[in-house]
There are 2 protein chains.
Amino acid sequence: MYIIVVYDVDVKRVAKVHRFLRTHLHWRQNSVFEGEVSRAQLYEIKRTLEGLIGDGDSVLIYELPTGNFTLHVIGTDKNPAGEII
Amino acid sequence: MYIIVVYDVDVKRVAKVHRFLRTHLHWRQNSVFEGEVSRAQLYEIKRTLEGLIGDGDSVLIYELPTGNFTLHVIGTDKNPAGEII
């Protein structure tokens, strides 16, 4: 499956969340990551994020069937991925 | 179709972009909007955003087949949508 992760976390925790997501996914923009994962990896990512975030923080994970979307970029493409489907 | 819009724009233009997207989509989190649109509406949204943004700004629009995704929320659900599919 393919996931898009968007986080909105307190500035104190941004670096930690960013560093963790970078090890699993492709950084796309500001607080957006995306990439292909297995069900086990998605479970692991959710579990780890639950441990990293704090009060008032929010992380959205959109789970899509692989390759079943179109990405439109308006303005600067901050980090186009070679491996993106 | 269903779209997820994530913007990363200069602070000077955030309010304008936010206000415009709010008229078409459901606000989801920080700089994330989503909603059901027609092809004509998507075209209009893209065209208007191109006019609103400036140097270094970036807006990503993920276009998905309607209803073909699962949303996982970790932490606070900042604005759950009644009408979300």
Side-chain angles (χ1 to χ4, degrees), chain A residues 1-11 13-14 17 20-21 26-34 37 39 41-81 84-85, chain B residues 1-11 13-14 17 20-21 26-34 37 39 41-81 84-85:
Chain A
M1 70 189 68
Y2 200 85
I3 60 171
I4 302 162
V5 180
V6 192
Y7 63 82
D8 177 11
V9 304
D10 191 281
V11 68
R13 292 179 285 271
V14 164
V17 168
F20 166 68
L21 289 171
H26 175 78
W27 178 70
R28 208 58 186 73
Q29 180 207 82
N30 194 17
S31 51
V32 185
F33 284 82
E34 59 179 69
V37 294
R39 186 149 297 277
Q41 282 172 313
L42 172 59
Y43 175 80
E44 184 59 27
I45 287 169
K46 287 175 69 174
R47 219 179 50 99
T48 307
L49 285 170
E50 275 158 13
L52 288 178
I53 68 173
D55 275 1
D57 292 349
S58 175
V59 183
L60 305 176
I61 302 181
Y62 293 92
E63 173 196 336
L64 326 170
T66 294
N68 202 0
F69 70 94
T70 307
L71 175 59
H72 306 262
V73 179
I74 303 164
T76 312
D77 197 351
K78 303 222 167 172
N79 197 18
I84 275 188
I85 295 140
Chain B
M1 71 188 69
Y2 200 84
I3 61 171
I4 301 162
V5 181
V6 192
Y7 64 81
D8 178 12
V9 305
D10 190 279
V11 68
R13 291 179 285 272
V14 163
V17 168
F20 165 68
L21 288 172
H26 174 79
W27 178 70
R28 207 60 185 73
Q29 179 207 82
N30 194 16
S31 51
V32 185
F33 284 82
E34 60 178 69
V37 295
R39 186 150 296 278
Q41 283 173 312
L42 173 59
Y43 175 81
E44 183 59 27
I45 288 169
K46 287 175 69 174
R47 217 179 52 96
T48 306
L49 286 171
E50 275 158 13
L52 288 178
I53 68 172
D55 276 0
D57 291 351
S58 175
V59 183
L60 305 177
I61 301 181
Y62 294 92
E63 173 196 336
L64 325 171
T66 295
N68 201 359
F69 71 93
T70 307
L71 175 60
H72 307 261
V73 178
I74 303 163
T76 311
D77 197 351
K78 301 220 167 174
N79 197 17
I84 275 189
I85 295 140

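The chains referred to below are lettered A, B, ... by the order of the sequence lines, with proteins before strands, and numbering in each begins at 1.
- The greatest number of non-hydrogen atom pairs below 4.5 Å with chain A, out of B:N30, B:V5, B:V73, is found for B:N30.
- Between chain A and the residues B:V9, B:I4, B:I53, B:I3, the most heavy-atom pairs under 4.5 angstrom are made by B:I4.
- Remark: of the listed residues B:L60, B:L49, B:L42, B:L42 is the sole one forming a side-chain contact (heavy atoms from CB on, under 4.5 Å) with A:H72.
- For the atom pair CZ (A:F69) and CG (B:L64), the distance works out to 8.0 Å, reported to the nearest 0.5 Å.
- Of the residues considered (A:G54, A:S31, A:P65, A:G75), A:P65 shows the highest number of contacts with chain B, using heavy-atom pairs under 4.5 Å.
- Between B:I74 and A:S58 the shortest side-chain heavy-atom distance does not fall below 4.5 Å.
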| task | Check step by step if side-chain contact (heavy atoms from CB on, under 4.5 Å) holds for B:D57 and A:T76. | result | CA-CA 6 Å; B:D57 291 351; A:T76 312; 5.9 Å; no

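- For B:V32, the part lying under 4.5 angstrom from a heavy atom of chain A is the side chain only.
- Listed options A:Q29, A:K46, A:E50 were ranked by heavy-atom pairs under 4.5 angstrom with chain B; first place goes to A:Q29.
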